[in-house]
Asks: 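Right, I'll just put the structure down here and ask away after.
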Amino acid sequence: DAGITQSPRHKVTETGTPVTLRCHQTENHRYMYWYRQDPGHGLRLIHYSYGVKDTDKGEVSDGYSVSRSKTEDFLLTLESATSSQTSVYFCAISASGGNTIYFGEGSWLTVV
Amino acid sequence: AQTVTQSQPEMSVQEAETVTLSCTYDTSESDYYLFWYKQPPSRQMILVIRQEAYKQQNATENRFSVNFQKAAKSFSLKISDSQLGDAAMYFCAYRASTQGGSEKLVFGKGTKLTVNP
């Protein structure tokens with residue numbers, strides 16, 4: 001199995017509080033992605049990174065920021081969590097031009 | 001922008017029968033990968049099959065095969081001899097393979113497959 005871990009796996013937080021999810025990889029892959037999964041919407045891309053300090057927005061980036069200060073870590077931050085951000089968040093990684101995508105196990109976030 | 005469309009939110013099949021899940025995509029790239037992922041209730045993402053766009057031969061993995069029509073931008077998944085364990089959400093996904101280019105990984109909304117005994 002690919003070395004990709006997400007933390008925390010489960011979190012309940014209050015509206016208006018900041019939340020950071022971490023994706024850590026041991027594969028030295030260039031690309032890292034954050035998705036949210038909601039019923040009826042599949043997996044929607046929030047942000048992705050194509051290198052250290054190189055990031056770009058996905059289709060649902062509003063309310064989220066990311067950072068990648070080193071190859072192995074990609075952080076997703078909700079600056080002020082809202083109930084609409086209650087979701088399951090997945091991290092994925094891939095080598096550049098690679099045909100293999102590895103997924104984390106998901107982070108369940110509930111905003112109350 | 002690349003998009004992936006799965007037009008069947010739900011499908012059902014009888015055990016031992018064959019079912020086909022549809023997927024279409026839109027891209028201006030010439031080199032890319034297409035994937036089918038299975039997601040059981042555990043939410044784990046499991047790769048079922050992948051296809052490189054430059055390969056004309058359709059990919060197969062045991063009971064799973066695809067019908068890749070590049071000109072039509074269609075990538076359907078056929079499951080033969082369906083088993084109860086095949087019941088899951090199935091996602092079609094696209095990724096450009098141009099190194100250094102935009103290598104977004106884009107998913108469809110999924111098809112929920114039910115297998116009836």
Side-chain angles (χ1 to χ4, degrees), chain A residues 1-2 4-6 8-10 21 23 25 29-51 54-61 66 68 74 86-110, chain B residues 1-10 21 23 25-26 29-55 59 61 66 68 88-112:
Chain A
D1 289 342
I4 176 171
T5 55
Q6 292 184 226
R9 294 289 316 283
H10 299 271
L21 305 180
C23 179
Q25 62 151 326
H29 283 340
R30 179 181 179 189
Y31 281 81
M32 299 185 76
Y33 307 84
W34 275 111
Y35 294 88
R36 61 177 291 173
Q37 184 177 18
D38 306 286
H41 292 279
L43 278 81
R44 292 183 291 175
L45 183 64
I46 304 171
H47 284 278
Y48 71 105
S49 170
Y50 47 95
D54 291 325
T55 64
D56 202 356
K57 295 179 179 180
E59 61 180 308
V60 290
S61 60
V66 290
R68 192 170 177 195
F74 191 33
T86 293
S87 187
V88 182
Y89 292 85
F90 284 94
C91 176
I93 63 172
S94 178
S96 180
N99 64 358
T100 303
I101 315 295
Y102 300 99
F103 285 87
E105 294 182 313
S107 294
W108 275 252
L109 177 66
T110 301
Chain B
Q2 296 90 355
T3 59
V4 176
T5 302
Q6 294 179 246
S7 59
Q8 307 151 315
E10 296 187 22
L21 309 184
C23 174
Y25 59 95
D26 188 24
E29 302 280 347
S30 58
D31 289 329
Y32 49 88
Y33 297 107
L34 296 164
F35 307 86
W36 277 101
Y37 281 92
K38 171 184 177 181
Q39 188 184 50
S42 68
R43 299 287 190 129
Q44 182 185 5
M45 295 292 286
I46 302 167
L47 176 66
V48 175
I49 199 166
R50 66 177 158 231
Q51 173 84 40
E52 285 103 340
Y54 67 88
K55 290 185 177 179
E61 287 288 343
V66 298
F68 174 48
M89 283 291 289
Y90 285 82
F91 292 100
C92 179
Y94 161 98
R95 182 172 190 249
S97 62
T98 306
Q99 292 196 29
S102 173
E103 298 188 44
K104 288 182 181 180
L105 176 62
V106 181
F107 285 85
K109 293 184 177 183
T111 297
K112 181 179 180 181

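Computed from a predicted structure; not experimentally measured. Hydrogens, waters and symmetry mates play no part in the numbers below; they use all other heavy atoms, side chains included. Convention: sequence-line order gives letters A, B, ...; per-chain numbering from 1.
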Asks: Can you tell which of B:R50, B:Q44, B:K112 has the highest number of heavy-atom pairs within less than 4.5 Å of chain A?
Replies: B:R50
Asks: Which distance, rounded to the nearest 0.5 Å, do you find between the CD of A:Q37 and the CZ of B:F107?
Replies: 9.0 Å
Asks: Answer yes or no: does atom NZ of B:K38 have more than 12 heavy-atom neighbours from other residues, nucleotides or ligands under 6.0 Å?
Replies: yes
Asks: Which is it for B:M45 and A:I101 under the side chain to side chain contact (heavy atoms under 4.5 Å, CB included) test, yes or no, and what are the steps along the way?
Replies: CA-CA 10 Å; B:M45 295 292 286; A:I101 315 295; over 6 Å; no
Asks: Show the numbers, then the answer: is there a side chain to side chain contact (heavy atoms under 4.5 Å, CB included) between A:Y35 and B:L105?
Replies: CA-CA 10 Å; A:Y35 294 88; B:L105 176 62; 3.0 Å; yes
Asks: Using only heavy-atom distances, determine whether the side chains of B:R95 and A:Y33 contain a donor-acceptor pair under 3.5 Å.
Replies: yes
Asks: Check each atom of A:L45 against the heavy atoms of chain B and say whether the ones under 4.5 Å are side chain, backbone, both or neither.
Replies: side chain
Asks: Can you establish whether the number of heavy atoms outside A:E105 located under 6.0 Å from its atom CD is more than 12?
Replies: no
Asks: Minimum heavy-atom separation for A:F90 and B:Q39, please, with both atom names.
Replies: CZ-NE2, 3.6 Å
